[in-house]
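Only heavy atoms go into these numbers, but all of them, side chains included; no hydrogens, no water, no symmetry mates. Given the structure is predicted, the values throughout are model-derived calculations rather than measurements. First the proteins, then the strands, lettered A, B, ... as listed; each starts at 1.
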Amino acid sequence: MRFTFTLRGKPISLTRLDDVVAVRPTADVVVTKPSRAAVLKQFGTVQAPDDADEGTAFGLDLPARSRRLFERAGWLFGAARENLARAAATRTNIPGADAVRPVFIDRGGNTLIGTGLVTVQLPPDLTEAKAQARLQAQKLVPIRRLRFAPNLFEARLRAGVPFTDAVAEIQAIPEFVFAEPALVGVLTGRRTPTDPRYGDQWQHKNTGANGGTAGADIRSEAAWDRTRGAGVRIAIIDNGMQVDHPDLAAGVVAGGHFESDNAGRTTFTKFQSGNPFPRGNHGTFCLGMAGARMDNGKGGCGSAPEADLIVIGCLNDQVGTQTTLARAVAYAADPTTEDPSAPAGSRAHVLACSLGPNGADWDLTSVLDLALRTAATNGRGGLGLPIFWAASNGTVEVARDEICSHPDVIAVGRSNRLDLEDGSAYGPKLEFLAPGAEVFSTMQGGRYGVDTGTSYACPLAAGVAALVLARNRKWTRDKVRQRLRETCDKIGGVTYTAGRHDEYGYGRLNADAATQ
Amino acid sequence: MSRTRQFQQRGKPVQVEEVGDLFAVRTGLVTKSLGPEAVLKAVPGLSKPAVDAFHDAGWEFVRSPEPPAGLPAAKLYVKSGGRPVLGTNRLTVKLATDLKPADAEVFLARHGGKVIDRLKFAPNLYQVAVDPPAGKDALDVAGELAADPAVEFAEPEFLEVLGRR
């Protein structure tokens with residue numbers, strides 16, 4: 001059910017979860033993780049189960065991360081059985097509980113718990129006694145005066161009236177300067193990774209150091225406050241990568257590699273930890289841009305530092321056919337095309353590839369076209385697989401590259417630390433830019449370094465898509481694509497026509513805006 | 001010495017230049033070959049990064065009016081924009097009719113093709129090796145197959161450089 005009220009003069013709309021209530025047991029009730037279900041049983045309800053499949057959402061549609069923090073703070077979430085639903089609606093208590101409250105979700109997917117409190121300001125020319133009398137006349141019980149502003153009070157709503165109705169009533173009172181409901185939310189600090197080289201990663205947070213422009217970044221930190229991509233699988237296709245890199249290995253969950261013999265026959269070898277895998281600086285760098293681990297005391301981190309990584313090696317010597325590349329694309333979306341025993345849990349949710357000629361035409365064969373269309377349409381159980389591809393480096397038209405201009409492919413160009421386009425392919429088929437000039441990531445040999453290329457903007461963008469999907473599991477690939485487009489920052493000081501510019505596409509990605 | 005060749009790709013005619021007197025062989029099979037610079041000189045307009053990448057991947061080029069006798073050799077073609085690709089004896093073929101795999105093999109064999117792989121991401125999609133008669137090559141066979149109403153598409157496979165961006 002929608003709950004709309006006014007905050008600082010603007011309408012705010014929340015969704016009330018009709019099937020969940022928040023219960024805060026009295027202090028004498030010992031609540032531990034194993035005992036939560038038993039405590040809720042005493043209140044005549046059951047604990048909502050975790051969603052075993054995806055791991056980050058649970059049956060009653062509450063974000064699991066918020067849930068954990070609320071539980072640590074003493075709140076329990078249970079099914080809204082009749083007695084609890086009534087108590088939550090009227091703010092009346094039940095034995096053994098200090099509070100039973102309704103639960104809301106805001107537009108950003110954050111959990112909020114209703115309270116019986118409001119903050120009210122009355123006209124400043126009233127004496128305090130008169131102000132208190134006006135509150136009582138509206139059946140509000142003053143709790144305390146907030147002395148940093150005149151006639152500002154915290155007050156309790158009268159019990160018995162549903163929370164949403166009570167808020168609507170007091171917001172309609174013209175003599176109140178404002179009256180706003182108090183909602184309990186999770187206030188976490190902005191997450192700045194502790195990784196020792198994170199400061200070199202201007203792509204996440206550009207402080208203006210090294211000649212950069214402060215804020216010329218993808219706003220990763222604000223997005224990471226909401227999600228770091230846990231439970232989402234990103235497939236990276238590249239010639240080779242160091243899958244046991246100390247900053248990557250923990251994220252690698254599946255994959256394999258395709259190699260051609262001298263006769264042109266291609267074989268697929270499934271990834272197994274500890275077995276040889278084709279190596280390469282380029283792929284290692286790409287992998288790190290999307291999924292290098294966070295807060296592990298090593299290097300920096302990727303844009304989706306808790307996402308799972310599917311590593312797909314393809315043609316380690318850079319020479320092969322589009323049929324092999326088509327097999328790699330198809331494998332990402334549906335690993336059973338190469339490995340009949342592959343579990344559904346090894347299918348990619350997002351795909352990124354940074355292979356292709358630079359500055360030259362690239363024609364598309366029917367077999368690769370078919371693989372792209374099949375993966376894009378049928379991937380993610382029919383929701384569709386977002387496919388990111390690095391546009392050519394060099395000022396050539398994307399349209400000359402039939403792979404990047406494919407309707408199912410999202411062509412990514414590169415921006416620099418000044419928030420300007422950095423000489424990648426242009427034209428109507430360019431989707432958007434992401435940082436890809438002098439960016440810092442993982443390299444072969446367990447090392448780290450700085451490099452430049454659309455190749456690196458592409459997996460960074462794929463990581464942002466993973467963050468969006470972590471927040472919106474059921475979104476189609478078209479919806480993800482649309483969200484990324486419409487939340488880009490219009491950088492470059494150029495004029496965008498109908499939201500686009502041929503050298504900037506829809507602009508530079510903004511992970512914060514995309515994940516709200 | 002080159003000639004323009006044409007084949008169908010995604011339903012459209014594609015033209016390539018077939019370089020008649022340069023053939024690619026795997027490194028170590030011949031004693032006298034052209035280095036990348038000589039190849040670029042012999043075929044003006046070729047993409048240097050791509051020629052270098054073929055060389056790095058273990059391909060050498062020999063100048064010869066005919067394919068080197070007794071050696072597996074690939075024809076050199078030049079695609080739009082000066083991109084070099086190497087010919088193979090393989091095609092990707094999608095049959096329009098829903099033939100069982102065994103029947104598909106029989107059908108393709110009638111055109112001189114042998115199934116080397118069934119690509120599982122789409123129905124009736126095969127990687128096919130061809131052994132053209134004298135005077136013909138894989139491009140010719142692709143054209144013949146593509147003209148058969150039982151075939152949705154038949155396209156030649158080329159070895160190309162999948163570089164890094």
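- Remark: F158(B) CZ to D363(A) CG distance equals 8.5 Å, nearest 0.5 Å.
- Taking both residues in full, the closest heavy atoms of W362(A) and R83(B) are given as CD1-NH2, 3.4 Å, listed atom of the first, atom of the second, then distance.
- Taking chain B as the reference chain and counting heavy-atom pairs below 4.5 Å, the highest number among A333(A), S354(A), C353(A), G356(A) is found for G356(A).
- In this structure, V319(A) and A53(B) approach most closely via the heavy-atom pair CG2-O, 4.1 Å.
- For chain B, the option among A375(A), G394(A), A371(A), G283(A) with the highest count of heavy-atom pairs below 4.5 Å is A371(A).
- At a 4.5 Å heavy-atom cutoff, the contact between T92(B) and chain A is made by side-chain atoms alone.
- For the pair L162(B) and T321(A), the tightest heavy-atom approach, listed with the atom from each and the gap, is CD1-O, 4.3 Å.
- Of the listed residues D238(A), V329(A), T365(A), D334(A), the one with more heavy-atom pairs under 4.5 angstrom with chain B than any other is T365(A).
- From Q9(B), atom CD reaches atom CG of L364(A) across 7.0 Å, with rounding to the nearest 0.5 Å.
- Interface check for chain B: of the options N393(A), T374(A), L355(A), D369(A), the most heavy-atom pairs under 4.5 Å are formed by L355(A).
- Looking only at heavy-atom pairs under 4.5 Å with chain A, the residue among A57(B), A129(B), G81(B) that has the most is A57(B).
- Under 4.0 Å is where a charged nitrogen must lie from a carboxylate oxygen, and between D451(A) and R164(B) no such pair does.
- Across all their heavy atoms, T323(A) and L119(B) have their closest contact at CG2-CD1, 3.8 Å.
- When each of Q8(B), K94(B), E152(B), R10(B) is paired with S366(A), the side chain to side chain contact (heavy atoms under 4.5 Å, CB included) condition holds for R10(B) and for no other.
- Chosen from D401(A), T336(A), N378(A), T452(A), the residue pairing most often with chain B at heavy-atom distances under 4.5 Å is D401(A).
- Per-residue heavy-atom pair counts under 4.5 Å with chain B were compared for G453(A), A390(A), P357(A), A330(A), and the maximum is reached by P357(A).
- Ionic pairing of D361(A) and K79(B) is not present here: no N-O contact between side-chain nitrogen and carboxylate oxygen is shorter than 4.0 angstrom.
- The structure places CG of L325(A) at 8.0 Å from CD of E160(B), a figure rounded to the nearest 0.5 Å.
- How far OG1 of T454(A) is from CZ of R165(B): 6.5 Å, rounded to the nearest 0.5 Å.
- For D131(B), the CG atom is loosely surrounded, since the number of other residues' heavy atoms within 6.0 Å does not exceed 12.
- For a residue to count as touching a neighbouring chain, one of its non-hydrogen atoms must lie under 4.5 Å from one of that chain's; by this rule E402(A) touches chain B with the side chain only.
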